[in-house]
Enquirer: 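I am attaching a structure below and will ask some questions about it afterwards.
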Amino acid sequence: MSDSTMARRFLGFNAVFSLCTGLAAATLSSRIAQTLFAQNAEQQATVIMLLGIGLVLFAGRLLMLVESSTLTAAKVRAIAYADIIWVVLSGLLLLFGRGLFTGTGVTTLSLIALVVTICAAGQYKGAARMS
């Protein structure tokens, strides 16, 4: 792969993953909250729903970048940095708030962070090939 192909592929993968995760979170927020959290509270479902809506919007932005004729390495790196922030915040949440989550919740958050890490690494490497 050369030029922007690798970056576009990882942006596209990130978009599909974000869209699927976001749609699930937005439409199944109550069920997801019951599965992820050790103790249920009304605001958990609302936060998950809003997070899902945000992920759907993020996925839309990623798809626009994938199709953009003016995709730059800086734009790709910005998305990679956003993904890294997601992973770091997920880690901090699990480190300091582990008791808030069920075993399934911990596993789910960890797996999502792993996928986002793969996206970030691929996007960063793709951006380097563009420079």
Side-chain angles (χ1 to χ4, degrees):
M1 290 184 234
S2 63
D3 298 327
S4 66
T5 304
M6 182 179 191
R8 289 178 194 277
R9 286 188 181 165
F10 276 95
L11 287 169
F13 174 72
N14 194 348
V16 170
F17 182 73
S18 296
L19 181 63
C20 292
T21 306
L23 287 173
T27 60
L28 302 170
S29 58
S30 293
R31 179 177 239 152
I32 290 171
Q34 291 171 353
T35 302
L36 295 182
F37 294 102
Q39 295 182 358
N40 292 321
E42 186 176 319
Q43 68 272 19
Q44 293 166 338
T46 301
V47 169
I48 289 173
M49 182 187 65
L50 293 173
L51 181 63
I53 292 168
L55 283 170
V56 169
L57 295 172
F58 180 68
R61 178 64 181 133
L62 293 175
L63 290 172
M64 287 192 295
L65 286 173
V66 168
E67 296 298 321
S68 174
S69 61
T70 59
L71 182 65
T72 63
K75 290 176 184 176
V76 177
R77 278 192 301 271
I79 298 298
Y81 296 146
D83 286 343
I84 291 166
I85 290 168
W86 176 280
V87 172
V88 169
L89 291 176
S90 295
L92 291 172
L93 186 60
L94 289 173
L95 181 66
F96 295 111
R98 188 176 187 99
L100 299 172
F101 301 99
T102 62
T104 301
V106 170
T107 300
T108 301
L109 291 173
S110 299
L111 290 174
I112 290 170
L114 175 63
V115 172
V116 174
T117 300
I118 291 167
C119 290
Q123 290 160 172
Y124 196 81
K125 187 172 181 179
R129 290 184 180 192
M130 293 173 69
S131 299

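Heavy-atom basis, side chains included; hydrogens, waters and symmetry copies ignored.
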Enquirer: Applying side-chain contact (heavy atoms from CB on, under 4.5 Å) between Q123 and each of I84, V76, I118, L65, report the one that passes.
Expert: V76
Enquirer: Do I112 and L62 share a hydrophobic cluster (ILVMFWY, side-chain heavy atoms under 4.5 Å, transitive)?
Expert: no
Enquirer: Between L94 and S110, which heavy-atom pair has the shortest distance, and what is it?
Expert: CD1-OG, 3.6 Å
Enquirer: Evaluate the side-chain proximity of L50 to T46: yes if any heavy-atom separation is below 4.5 Å, no if none is.
Expert: yes
Enquirer: Indicate the atoms forming the closest heavy-atom contact of A15 with A59, along with that distance.
Expert: O-CB, 3.4 Å
Enquirer: Side-chain contact, heavy-atom cut-off 4.5 Å: L19 with V56?
Expert: yes
Enquirer: Indicate if V106 and F37 have the same hydrophobic cluster label, given that clusters are the connected sets of ILVMFWY residues with side-chain heavy-atom separations under 4.5 angstrom.
Expert: yes
Enquirer: Is the backbone of K75 close enough, under 3.5 Å, to the side chain of T72 for a donor and an acceptor to pair up by distance?
Expert: yes
Enquirer: Answer yes or no: is there a donor N or O on one side and an acceptor on the other, between the side chain of Q44 and the main chain of Q34, under 3.5 Å?
Expert: no
Enquirer: Can you establish whether the number of heavy atoms outside Y124 located under 6.0 Å from its atom OH is more than 12?
Expert: no
Enquirer: Any donor and acceptor pair, going by atom type alone, linking the side chain of S68 with main-chain N or O of M64 inside 3.5 Å?
Expert: no
Enquirer: How far apart are the C-alpha atoms of F10 and I79, what are their side-chain angles, what is the distance that settles it, and do they pass the side-chain contact (heavy atoms from CB on, under 4.5 Å) test?
Expert: CA-CA 11 Å; F10 276 95; I79 298 298; over 6 Å; no
Enquirer: Do S30 side-chain atoms and A45 backbone N/O form a donor-acceptor pair below 3.5 Å?
Expert: no
Enquirer: Would the distance check show the side chain of R129 and the main-chain N or O of A7 forming a donor-acceptor pair, the cut-off being under 3.5 Å?
Expert: no
Enquirer: Would you mind reporting whether T108 and I32 have side-chain heavy atoms less than 4.5 Å apart?
Expert: no
Enquirer: Minimum heavy-atom separation for G12 to V66, with atom names?
Expert: N-CG2, 3.5 Å
Enquirer: Can you hop from M6 to V115 via hydrophobic side chains spaced under 4.5 Å?
Expert: no
Enquirer: Indicate if V88 and F96 have the same hydrophobic cluster label, given that clusters are the connected sets of ILVMFWY residues with side-chain heavy-atom separations under 4.5 angstrom.
Expert: yes
Enquirer: Check whether any side-chain heavy atom of F58 lies under 4.5 Å from a side-chain heavy atom of N14, and answer yes or no.
Expert: yes
Enquirer: Treating Ile, Leu, Val, Met, Phe, Trp and Tyr as nodes and any side-chain heavy-atom pair under 4.5 angstrom as an edge, say whether L51 and L109 lie in one connected cluster.
Expert: no
